[in-house]
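Structure record follows, encoded as C-alpha cells.
Order of appearance sets the numbers: ligands from 1, and atoms from 1 within every ligand.
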Amino acid sequence: MDRRQFAPATERNREPIFDALKGWLPSLGTVLEIASGSGEHAVFFAPKVKPLKWQPSNFDREQIDSVTDWRAYKPSDNLLPPVKLDVTGKKWPVESETYENLPITAIFNANMIHISPWQTCEGLMAGAGRILPTGGRLFLYGPFKFNGRHTAASNEKFESWLKSLDPGYGVRDVEAVLKEASKNDLRHLLARPMPANNFLHLFEKN
Ligand SMILES: C[S@@+](CC[C@H](N)C(=O)[O-])C[C@H]1O[C@@H](n2cnc3c(N)ncnc32)[C@H](O)[C@@H]1O
C-alpha cells in the first residue's frame with residue numbers, strides 16, 4: 001500500500017524555498033524539519049543539502065507514514081527516518097541521549113504555526129532555543145501579519161477559513177513571533193518575501 005500524501009502547495013513552494021534556504025544553511029550537522037507534513041519538502045531538499053543530514057518529523061501518525069513512503073520512493077542517503085515529535089513537548093525526542101544524529105545545526109518549519117494553536121509557536125521557539133548551538137539557524141516559512149495587518153487580501157480570506165476550523169488558529173503577527181524568538185535567545189536576522197504572500201524568516205541562536 002502506498003501511503004504517500006500529496007500537497008499541491010508544497011510542490012509549488014519547494015523550489016523558491018530551496019533557493020532562499022541554500023545560501024543560509026550551515027555546512028555541517030543535521031537539519032531538523034518540524035511538521036514535515038506529507039514529506040515532499042524532505043525528499044526534495046535532502047539530496048540538495050549534502051553533506052548535511054535531513055531529519056523529518058511529525059506529530060500526526062498518518063503523515064509519518066506518508067514521509068516514510070516518500071522516503072522509500074525517493075531515497076537519499078542523508079535523509080533520516082521520520083521521528084514522532086510534538087513541538088509543544090517539553091523535551092523533543094532528538095534531545096534523548098540515544099539520538100544519534102547530533103549536532104542539529106538548523107531547524108526548518110513550514111506552514112505550521114498558523115494552522116495549529118499558538119502553543120506550537122511557543123513550543124517551536126522554546127525547542128529551537130534549547131537545542132540549537134550558538135550560530136544555529138531556525139527557518140520559519142508561512143504567511144504573517146505585520147503591525148496587525150495582512151499583507152494581502154487572500155491572506156485575510158485564508159485567516160477567516162482558519163478561524164472557522166478553530167478560533168485559536170490564525171495568521172500570526174510577526175511581532176508576537178519575534179518576541180517569542182527573542183525570549184528564547186533567537187535573534188531575527190531577516191525576513192524574505194516569498195511567492196503567494198508568504199515569508200521566510202531566518203533566526204540565529206545567540
Ligand atoms: C499545513 S501542514 C504543513 C506541512 C508541511 N510543513 C508543509 O509545508 O507542507 C501543518 C503541519 O503541522 C503539524 N502540526 C500541528 N501541530 C503540531 C505539533 N504540536 N507538533 C508538531 N507538528 C504539528 C501537522 O501535523 C501538519 O503536518
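Distances from atom 26 (C) of ligand 1 to the heavy atoms of Gln5, Gln63, His41 put Gln63 nearest. Across the listed options Tyr141, Phe59, Phe108, Phe59 owns the non-hydrogen atom lying nearest to atom 16 (N) of ligand 1.
In summary, the atoms of ligand 1 found under 4.0 Å from a heavy atom of Asp86, numbered by their order in the structure, are 18 (C), 19 (N), 20 (N). Close approach of ligand 1 to Asp60 is summarised as follows: ligand atoms under 4.0 Å from at least one heavy atom of the residue are 25 (O). Applying the 4.0 Å criterion to heavy atoms of Leu85 picks out, from ligand 1, the atoms 20 (N), 21 (C).
The single protein non-hydrogen atom nearest to atom 20 (N) of ligand 1 is Val87 N, 2.9 Å, given as residue, atom name and distance. For atom 25 (O) of ligand 1, the closest non-hydrogen atom of the protein is Asn58 OD1, 3.0 Å. Looking only at protein heavy atoms, the nearest one to atom 9 (O) of ligand 1 is Thr10 OG1, 2.8 Å. Given atom 1 (C) of ligand 1, the protein heavy atom at minimum distance is Asn111 O, 3.3 Å. Scanning all protein heavy atoms for the shortest distance to atom 11 (C) of ligand 1 gives Ala35 CB, 3.8 Å.
Between Asp77 and Lys50, at least one side-chain N (NZ, or NE/NH1/NH2) sits under 4.0 Å from a carboxylate O, which counts as a salt bridge. Glu40 has no carboxylate O lying under 4.0 Å from a charged side-chain N of Arg14, or vice versa, which leaves the two without a salt bridge.
With Phe44 as the aromatic partner, Lys48 meets the cation-pi criteria of under 6.0 angstrom to the ring centre and within 45 degrees of the ring axis.
In this pair, Trp24 and Phe139 present their aromatic rings parallel. The plane angle is below 30°, not in the 30 to 60° band. The aromatic rings of His188 and His201 sit tilted, their planes meeting at an angle between 30° and 60°.
Of all heavy-atom pairs spanning Trp70 and Gln5, the tightest one is NE1-O, 2.9 Å.
The proximity of Ala110 to ligand 1, defined as any non-hydrogen pair under 4.0 Å, involves the side chain as well as the backbone.
No option in Thr151, Leu162, Val171 other than Val171 meets the side-chain contact (heavy atoms from CB on, under 4.5 Å) test with Pro143.
Between Phe18 and His41, the ring center distance fails the sub-6.0 Å criterion.
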